[in-house]
Colleague: 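Below: one structure in C-alpha coordinates.
Below, each value reflects all heavy atoms present in this structure, side chains not excepted, and no hydrogens, waters or symmetry copies.
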Amino acid sequence: MTARHFLLDTDLTSSEQAALLDLADQLKATRRDRKPARRPLEGRSVALIFEKPSTRTRLSFDVAVAELGGHPIVIDSGSSQLGRGETIEDTAAVLSRYVDAIVIRTFAQDRVDRMAAAATVPVINALSDHTHPCQALADLQTIREIRGRLAGVTLTYLGDGNNVAHSLLLAGALAGLRVHVASPPGYEPIEQVVRHANEIGAVTGGEALVMHDALEAAAGADVLYTDVWASMGQDTESDSRALVFQPYRLDEKVVEAARPDAIVMHCLPAHREMEISAAVLDGPRSVVFDQAENRLHAQKALLSFLLDETTAGVGSR
Ligand code: CP
Ligand code: NVA
(Lines give C-alpha, C1' and ligand atoms only; values in the text may rest on other atoms or scores of the structure.)
(Ligands and ions follow the chains in the order given, each with its own letter.)
Protein backbone atom coordinates (compact mmCIF):
# COMPACT_ATOMS: atom_id res chain seq x y z
CA MET A 1 0.00 0.00 0.00
CA THR A 2 1.40 3.45 -0.86
CA ALA A 3 1.78 5.88 2.02
CA ARG A 4 -0.70 8.70 2.44
CA HIS A 5 1.08 12.06 2.61
CA PHE A 6 0.09 15.58 3.69
CA LEU A 7 2.12 17.82 1.40
CA LEU A 8 -0.51 20.38 0.50
CA ASP A 9 -3.79 21.47 2.13
CA THR A 10 -5.69 19.88 -0.73
CA ASP A 11 -4.30 16.43 0.06
CA LEU A 12 -7.40 16.20 2.27
CA THR A 13 -10.93 16.27 0.92
CA SER A 14 -13.45 18.63 2.53
CA SER A 15 -15.01 15.77 4.47
CA GLU A 16 -11.64 14.43 5.61
CA GLN A 17 -10.68 17.92 6.75
CA ALA A 18 -13.91 18.27 8.74
CA ALA A 19 -13.44 14.84 10.34
CA LEU A 20 -9.85 15.68 11.21
CA LEU A 21 -10.97 18.91 12.91
CA ASP A 22 -13.57 16.92 14.89
CA LEU A 23 -10.82 14.55 16.01
CA ALA A 24 -8.61 17.52 16.94
CA ASP A 25 -11.45 18.87 19.15
CA GLN A 26 -11.84 15.45 20.81
CA LEU A 27 -8.11 15.19 21.45
CA LYS A 28 -8.12 18.68 22.93
CA ALA A 29 -10.99 17.82 25.29
CA THR A 30 -9.37 14.52 26.33
CA ARG A 31 -6.15 16.32 27.20
CA ARG A 32 -7.93 19.15 29.04
CA ASP A 33 -10.05 16.74 31.08
CA ARG A 34 -6.99 14.59 31.76
CA LYS A 35 -8.80 11.53 30.49
CA PRO A 36 -6.69 8.50 29.59
CA ALA A 37 -5.56 9.03 26.03
CA ARG A 38 -5.18 6.43 23.28
CA ARG A 39 -1.59 5.82 22.24
CA PRO A 40 -1.84 4.89 18.57
CA LEU A 41 1.86 5.57 17.93
CA GLU A 42 3.07 3.16 20.64
CA GLY A 43 6.30 1.55 19.43
CA ARG A 44 6.56 3.89 16.44
CA SER A 45 9.02 6.67 15.62
CA VAL A 46 8.59 9.91 13.68
CA ALA A 47 11.47 11.94 12.20
CA LEU A 48 11.07 15.71 12.41
CA ILE A 49 13.42 17.43 9.94
CA PHE A 50 14.00 21.18 10.21
CA GLU A 51 15.91 22.99 7.47
CA LYS A 52 14.57 26.31 8.82
CA PRO A 53 14.12 27.55 12.41
CA SER A 54 10.97 26.70 14.37
CA THR A 55 9.53 27.00 17.86
CA ARG A 56 5.84 26.06 17.58
CA THR A 57 6.01 23.44 14.85
CA ARG A 58 9.00 21.69 16.32
CA LEU A 59 7.68 21.62 19.89
CA SER A 60 4.07 20.82 19.00
CA PHE A 61 5.04 17.90 16.74
CA ASP A 62 7.51 16.60 19.32
CA VAL A 63 4.85 16.69 22.06
CA ALA A 64 2.16 15.37 19.69
CA VAL A 65 4.18 12.27 18.80
CA ALA A 66 5.12 11.67 22.44
CA GLU A 67 1.52 12.06 23.68
CA LEU A 68 0.34 9.59 21.03
CA GLY A 69 2.82 7.10 22.49
CA GLY A 70 5.49 7.44 19.79
CA HIS A 71 9.14 8.45 19.72
CA PRO A 72 9.96 11.79 18.04
CA ILE A 73 13.45 12.31 16.57
CA VAL A 74 14.31 15.90 15.66
CA ILE A 75 17.11 16.57 13.17
CA ASP A 76 18.21 19.72 11.40
CA SER A 77 20.32 20.30 8.32
CA GLY A 78 23.28 21.56 10.39
CA SER A 79 23.59 18.36 12.37
CA SER A 80 22.68 15.87 9.65
CA GLN A 81 24.16 14.93 6.29
CA LEU A 82 21.42 16.97 4.56
CA GLY A 83 23.53 20.04 5.36
CA ARG A 84 26.50 18.44 3.60
CA GLY A 85 24.58 17.76 0.41
CA GLU A 86 23.11 14.27 0.89
CA THR A 87 20.13 14.16 -1.43
CA ILE A 88 16.54 14.36 -0.26
CA GLU A 89 15.91 11.05 -2.07
CA ASP A 90 18.67 9.16 -0.26
CA THR A 91 17.58 10.70 3.03
CA ALA A 92 13.97 9.65 2.39
CA ALA A 93 15.01 6.08 1.54
CA VAL A 94 17.19 5.74 4.64
CA LEU A 95 14.69 7.31 7.05
CA SER A 96 11.92 5.08 5.67
CA ARG A 97 13.91 2.09 7.00
CA TYR A 98 13.89 3.54 10.54
CA VAL A 99 10.77 5.59 11.13
CA ASP A 100 7.01 5.42 10.56
CA ALA A 101 6.57 9.00 9.31
CA ILE A 102 8.65 12.00 8.25
CA VAL A 103 7.75 15.61 9.05
CA ILE A 104 9.80 18.15 7.09
CA ARG A 105 10.18 21.93 7.17
CA THR A 106 12.19 23.20 4.24
CA PHE A 107 12.54 25.76 1.46
CA ALA A 108 11.11 24.83 -1.98
CA GLN A 109 7.88 22.82 -2.00
CA ASP A 110 9.70 20.59 -4.46
CA ARG A 111 11.89 19.27 -1.61
CA VAL A 112 8.77 18.15 0.28
CA ASP A 113 7.37 16.53 -2.87
CA ARG A 114 10.67 14.77 -3.62
CA MET A 115 10.85 13.50 -0.05
CA ALA A 116 7.37 12.01 -0.44
CA ALA A 117 8.17 10.51 -3.84
CA ALA A 118 11.20 8.69 -2.42
CA ALA A 119 9.77 7.74 1.00
CA THR A 120 7.75 4.64 1.76
CA VAL A 121 6.23 6.20 4.90
CA PRO A 122 3.87 9.20 5.21
CA VAL A 123 5.49 12.62 4.74
CA ILE A 124 4.05 15.78 6.33
CA ASN A 125 4.82 19.31 5.15
CA ALA A 126 5.76 21.35 8.23
CA LEU A 127 6.17 24.54 6.12
CA SER A 128 7.73 25.19 2.75
CA ASP A 129 8.21 28.46 0.89
CA HIS A 130 4.91 27.68 -0.84
CA THR A 131 2.54 26.45 1.88
CA HIS A 132 2.06 25.86 5.62
CA PRO A 133 -0.80 23.34 5.73
CA CYS A 134 -0.40 22.26 9.40
CA GLN A 135 -0.80 25.90 10.42
CA ALA A 136 -4.00 26.20 8.42
CA LEU A 137 -5.52 23.13 10.10
CA ALA A 138 -4.90 24.66 13.54
CA ASP A 139 -6.28 27.98 12.29
CA LEU A 140 -9.48 26.34 11.08
CA GLN A 141 -9.86 24.51 14.39
CA THR A 142 -9.47 27.86 16.19
CA ILE A 143 -11.98 29.69 14.00
CA ARG A 144 -14.51 26.88 14.29
CA GLU A 145 -14.30 26.71 18.08
CA ILE A 146 -14.89 30.46 18.38
CA ARG A 147 -17.33 31.09 15.52
CA GLY A 148 -19.07 27.70 15.74
CA ARG A 149 -18.78 27.14 11.99
CA LEU A 150 -16.45 27.62 9.04
CA ALA A 151 -18.71 27.77 5.97
CA GLY A 152 -19.54 31.35 5.07
CA VAL A 153 -17.06 32.89 7.52
CA THR A 154 -15.08 35.79 6.00
CA LEU A 155 -11.35 35.76 6.75
CA THR A 156 -9.35 38.79 5.66
CA TYR A 157 -5.61 38.28 5.39
CA LEU A 158 -3.41 41.36 5.18
CA GLY A 159 0.14 41.40 3.88
CA ASP A 160 2.41 39.07 1.99
CA GLY A 161 0.84 36.51 -0.35
CA ASN A 162 3.13 33.89 1.17
CA ASN A 163 3.06 30.28 2.36
CA VAL A 164 0.58 31.05 5.17
CA ALA A 165 -1.70 32.96 2.79
CA HIS A 166 -1.59 30.12 0.24
CA SER A 167 -2.57 27.55 2.85
CA LEU A 168 -5.37 29.74 4.21
CA LEU A 169 -6.72 30.10 0.66
CA LEU A 170 -6.63 26.36 -0.07
CA ALA A 171 -7.65 24.98 3.33
CA GLY A 172 -10.21 27.77 3.67
CA ALA A 173 -11.74 26.90 0.30
CA LEU A 174 -12.14 23.26 1.38
CA ALA A 175 -14.00 24.48 4.46
CA GLY A 176 -16.24 26.93 2.56
CA LEU A 177 -14.53 30.04 3.95
CA ARG A 178 -14.46 33.36 2.11
CA VAL A 179 -10.79 34.35 2.11
CA HIS A 180 -9.98 37.93 1.12
CA VAL A 181 -6.29 38.72 0.73
CA ALA A 182 -5.07 42.32 0.62
CA SER A 183 -1.46 42.56 -0.57
CA PRO A 184 0.70 45.25 -2.14
CA PRO A 185 0.90 44.95 -5.93
CA GLY A 186 3.65 42.47 -6.75
CA TYR A 187 3.25 40.56 -3.48
CA GLU A 188 -0.10 38.87 -4.11
CA PRO A 189 -0.62 35.13 -3.61
CA ILE A 190 0.27 33.21 -6.76
CA GLU A 191 -2.52 33.14 -9.30
CA GLN A 192 -2.63 29.37 -9.65
CA VAL A 193 -3.39 29.02 -5.91
CA VAL A 194 -6.17 31.60 -6.08
CA ARG A 195 -7.66 29.87 -9.11
CA HIS A 196 -7.45 26.47 -7.41
CA ALA A 197 -9.11 27.88 -4.27
CA ASN A 198 -11.96 29.28 -6.36
CA GLU A 199 -12.41 25.96 -8.17
CA ILE A 200 -12.78 24.23 -4.80
CA GLY A 201 -14.95 27.09 -3.56
CA ALA A 202 -17.36 26.56 -6.46
CA VAL A 203 -18.28 23.27 -4.77
CA THR A 204 -17.99 24.23 -1.08
CA GLY A 205 -19.34 27.79 -1.23
CA GLY A 206 -15.90 29.21 -0.50
CA GLU A 207 -14.38 32.21 -2.24
CA ALA A 208 -10.86 33.52 -2.82
CA LEU A 209 -10.43 37.20 -3.55
CA VAL A 210 -7.26 39.26 -3.99
CA MET A 211 -7.46 42.97 -3.22
CA HIS A 212 -5.08 45.87 -2.71
CA ASP A 213 -6.84 48.04 -0.13
CA ALA A 214 -6.51 46.88 3.47
CA LEU A 215 -9.57 48.70 4.84
CA GLU A 216 -11.78 47.63 1.95
CA ALA A 217 -10.68 44.02 2.46
CA ALA A 218 -11.33 44.21 6.20
CA ALA A 219 -14.89 45.53 5.84
CA GLY A 220 -17.30 42.98 7.30
CA ALA A 221 -14.57 40.45 8.15
CA ASP A 222 -15.20 37.85 10.86
CA VAL A 223 -11.50 37.05 11.11
CA LEU A 224 -8.50 39.31 10.57
CA TYR A 225 -5.20 37.56 9.91
CA THR A 226 -1.64 38.66 9.22
CA ASP A 227 1.86 37.21 9.03
CA VAL A 228 5.41 38.54 8.85
CA TRP A 229 6.33 40.74 5.91
CA ALA A 230 9.64 38.95 5.31
CA SER A 231 9.50 35.17 5.66
CA MET A 232 12.37 32.87 6.53
CA GLY A 233 14.83 33.03 3.66
CA GLN A 234 13.86 36.65 2.79
CA ASP A 235 15.82 38.36 5.56
CA THR A 236 17.84 40.53 3.16
CA GLU A 237 14.55 42.01 1.89
CA SER A 238 13.30 43.02 5.35
CA ASP A 239 13.97 46.75 4.99
CA SER A 240 12.55 47.18 1.50
CA ARG A 241 9.51 45.10 2.40
CA ALA A 242 8.91 47.14 5.56
CA LEU A 243 8.33 50.22 3.37
CA VAL A 244 6.07 48.50 0.83
CA PHE A 245 3.92 46.78 3.45
CA GLN A 246 3.28 49.77 5.80
CA PRO A 247 -0.32 50.30 4.56
CA TYR A 248 -1.13 46.67 5.36
CA ARG A 249 -0.37 46.73 9.12
CA LEU A 250 -3.12 45.09 11.17
CA ASP A 251 -3.89 47.95 13.55
CA GLU A 252 -6.87 49.51 15.33
CA LYS A 253 -8.15 51.15 12.11
CA VAL A 254 -8.36 47.77 10.42
CA VAL A 255 -10.09 46.26 13.46
CA GLU A 256 -12.65 49.12 13.34
CA ALA A 257 -13.45 48.26 9.72
CA ALA A 258 -14.21 44.60 10.51
CA ARG A 259 -17.27 43.15 12.26
CA PRO A 260 -17.59 44.21 15.90
CA ASP A 261 -16.94 40.63 17.06
CA ALA A 262 -14.07 39.97 14.66
CA ILE A 263 -11.15 37.94 15.99
CA VAL A 264 -7.49 38.61 15.24
CA MET A 265 -5.09 35.86 14.19
CA HIS A 266 -1.37 35.59 13.51
CA CYS A 267 0.56 32.35 13.02
CA LEU A 268 3.49 33.75 15.06
CA PRO A 269 6.28 34.69 15.45
CA ALA A 270 5.04 38.31 15.31
CA HIS A 271 6.82 41.64 15.03
CA ARG A 272 4.93 44.22 17.07
CA GLU A 273 4.46 47.57 15.29
CA MET A 274 5.51 45.99 12.00
CA GLU A 275 2.80 43.75 10.49
CA ILE A 276 0.59 44.13 13.58
CA SER A 277 0.26 46.79 16.27
CA ALA A 278 1.09 45.70 19.82
CA ALA A 279 -2.34 46.90 20.98
CA VAL A 280 -4.10 44.58 18.54
CA LEU A 281 -1.78 41.59 18.99
CA ASP A 282 -2.05 41.81 22.78
CA GLY A 283 -5.65 43.04 22.77
CA PRO A 284 -8.92 41.30 23.66
CA ARG A 285 -9.71 40.11 20.13
CA SER A 286 -6.43 38.31 19.66
CA VAL A 287 -6.58 34.49 19.64
CA VAL A 288 -2.96 33.94 18.65
CA PHE A 289 -2.12 31.69 21.59
CA ASP A 290 -5.20 29.53 20.97
CA GLN A 291 -3.94 29.13 17.43
CA ALA A 292 -0.51 28.15 18.71
CA GLU A 293 -2.04 25.66 21.17
CA ASN A 294 -4.22 24.13 18.47
CA ARG A 295 -1.13 23.23 16.44
CA LEU A 296 -0.68 20.43 18.98
CA HIS A 297 -4.24 19.12 18.77
CA ALA A 298 -4.56 19.45 14.99
CA GLN A 299 -1.23 17.71 14.40
CA LYS A 300 -2.15 14.89 16.79
CA ALA A 301 -5.29 14.46 14.70
CA LEU A 302 -3.25 14.54 11.50
CA LEU A 303 -0.73 11.95 12.77
CA SER A 304 -3.63 9.74 13.88
CA PHE A 305 -5.30 10.19 10.51
CA LEU A 306 -2.17 9.16 8.64
CA LEU A 307 -0.83 6.48 10.98
CA ASP A 308 -3.56 5.02 13.19
CA GLU A 309 -5.31 2.17 11.43
CA THR A 310 -8.40 2.62 13.60
CA THR A 311 -8.92 6.26 12.60
CA ALA A 312 -7.01 6.28 9.28
CA GLY A 313 -9.17 7.43 6.43
CA VAL A 314 -11.81 8.89 8.76
CA GLY A 315 -14.12 11.06 6.67
CA SER A 316 -12.84 9.56 3.40
CA ARG A 317 -15.26 9.64 0.57
N1 CP B 1 3.74 29.31 13.22
C2 CP B 1 4.84 28.54 13.12
O3 CP B 1 4.96 27.65 12.29
O4 CP B 1 5.78 28.83 14.07
P5 CP B 1 7.26 28.24 14.13
O6 CP B 1 8.05 28.84 12.99
O7 CP B 1 7.78 28.67 15.47
O8 CP B 1 7.21 26.75 14.00
N1 NVA C 1 5.62 33.14 6.50
C2 NVA C 1 6.42 32.79 7.64
C3 NVA C 1 5.69 31.83 8.52
C4 NVA C 1 6.42 31.45 9.78
C5 NVA C 1 5.68 30.46 10.61
C6 NVA C 1 7.74 32.21 7.18
O7 NVA C 1 7.75 31.40 6.25
O8 NVA C 1 8.77 32.59 7.75
Side-chain angles (χ1 to χ4, degrees), residues 1-24 27 38-51 57 61 64-65 68-75 80-82 86-137 163 166-167 170-171 173-175 192-193 196 199-200 203 298-317:
M1 206 175 76
T2 52
R4 179 90 194 253
H5 305 295
F6 186 57
L7 313 178
L8 205 59
D9 309 83
T10 49
D11 285 342
L12 296 175
T13 63
S14 289
S15 53
E16 285 171 342
Q17 186 197 66
L20 200 148
L21 296 178
D22 289 344
L23 181 58
L27 290 165
R38 288 191 59 245
R39 293 167 63 84
L41 297 194
E42 193 83 62
R44 297 161 105 179
S45 300
V46 177
L48 311 174
I49 304 175
F50 286 88
E51 298 195 294
T57 309
F61 262 114
V65 173
L68 293 174
H71 172 53
I73 308 160
V74 181
I75 61 173
S80 71
Q81 300 290 3
L82 274 169
E86 185 164 20
T87 66
I88 276 281
E89 286 78 9
D90 287 355
T91 306
V94 171
L95 294 191
S96 295
R97 304 287 179 107
Y98 302 141
V99 300
D100 297 282
I102 300 168
V103 175
I104 177 167
R105 165 169 289 197
T106 189
F107 291 86
Q109 177 81 20
D110 178 55
R111 282 178 78 73
V112 182
D113 296 342
R114 283 168 49 206
M115 177 70 82
T120 56
V121 297
V123 172
I124 296 174
N125 175 1
L127 180 145
S128 70
D129 292 344
H130 183 57
T131 51
H132 196 0
C134 294
Q135 179 69 52
L137 285 177
N163 44 11
H166 289 158
S167 278
L170 294 172
L174 286 172
Q192 180 234 333
V193 168
H196 192 184
E199 281 161 14
I200 298 166
V203 179
Q299 288 159 195
K300 279 168 89 172
L302 177 66
L303 287 163
S304 302
F305 178 80
L306 295 176
L307 291 171
D308 180 2
E309 290 80 15
T310 59
T311 51
V314 68
S316 298
R317 275 204 282 260

Colleague: Using modelled atom types and a 3.5 Å cut-off, is there a donor and acceptor pairing between side-chain atoms of Gln17 and backbone atoms of Ala171?
Modeller: yes

Colleague: Which atoms form the tightest heavy-atom contact between Ala101 and Leu307, and what is the distance?
Modeller: CB-CD1, 3.8 Å

Colleague: So does Thr57 get a backbone contact from the side chain of Arg105, meaning a donor-acceptor N/O pair under 3.5 Å?
Modeller: no

Colleague: Of all heavy-atom pairs between Leu21 and Leu137, which one has the smallest distance, and what is that distance?
Modeller: CD2-O, 3.5 Å

Colleague: Quickly, which of Thr131, Asp11, Asp113 forms a side chain to side chain donor-acceptor pair (under 3.5 Å) with Asn125? Name it, please.
Modeller: Thr131

Colleague: Just one of Leu48, Val46, Ile73 clears the side chain to side chain contact (heavy atoms under 4.5 Å, CB included) bar with Val99, so which one?
Modeller: Ile73

Colleague: To the nearest 0.5 Å, what is the distance between CE (Met115) and CG (Asp110)?
Modeller: 11.5 Å

Colleague: Of all heavy-atom pairs between Ser96 and Ala119, which one has the smallest distance, and what is that distance?
Modeller: OG-CA, 3.4 Å

Colleague: Using modelled atom types and a 3.5 Å cut-off, is there a donor and acceptor pairing between side-chain atoms of Ser14 and backbone atoms of Leu174?
Modeller: yes

Colleague: Indicate the atoms forming the closest heavy-atom contact of Ala64 with Lys300, along with that distance.
Modeller: CB-CG, 3.5 Å

Colleague: Among Arg111, His166, Gln109, exactly one meets side chain to side chain donor-acceptor pair (under 3.5 Å) together with Ser128. Which residue is that?
Modeller: Gln109

Colleague: Please evaluate residues Leu95 and Ile49 with respect to the criterion side chain to side chain contact (heavy atoms under 4.5 Å, CB included), reporting the C-alpha separation (whole Å), side-chain torsions for both, the decisive distance (0.1 Å), and the verdict.
Modeller: CA-CA 11 Å; Leu95 294 191; Ile49 304 175; 3.6 Å; yes

Colleague: Can you name the closest pair of heavy atoms from Glu51 and Phe107 and give their distance?
Modeller: O-CE1, 3.2 Å

Colleague: Applying side chain to side chain contact (heavy atoms under 4.5 Å, CB included), run through Leu170 and His196 and close with a yes or a no.
Modeller: CA-CA 7 Å; Leu170 294 172; His196 192 184; 3.9 Å; yes

Colleague: Can you find a heavy atom in the side chain of Tyr98 that is under 4.5 Å from one in the side chain of Ser45?
Modeller: no

Colleague: For a side chain to side chain contact (heavy atoms under 4.5 Å, CB included) with Arg4, tell me which candidate from Val123, Val121, Leu306 qualifies.
Modeller: Leu306

Colleague: Can you give me the closest heavy-atom contact between Cys134 and Ile124, atom names plus distance?
Modeller: SG-CG2, 3.7 Å

Colleague: Yes or no on side chain to side chain contact (heavy atoms under 4.5 Å, CB included) for His130 and Val193, after CA distance, side-chain angles and deciding distance?
Modeller: CA-CA 10 Å; His130 183 57; Val193 168; 3.6 Å; yes

Colleague: Using 0.5 Å steps for rounding, measure from the CD1 atom of Ile200 to the CG atom of Asp9.
Modeller: 8.5 Å

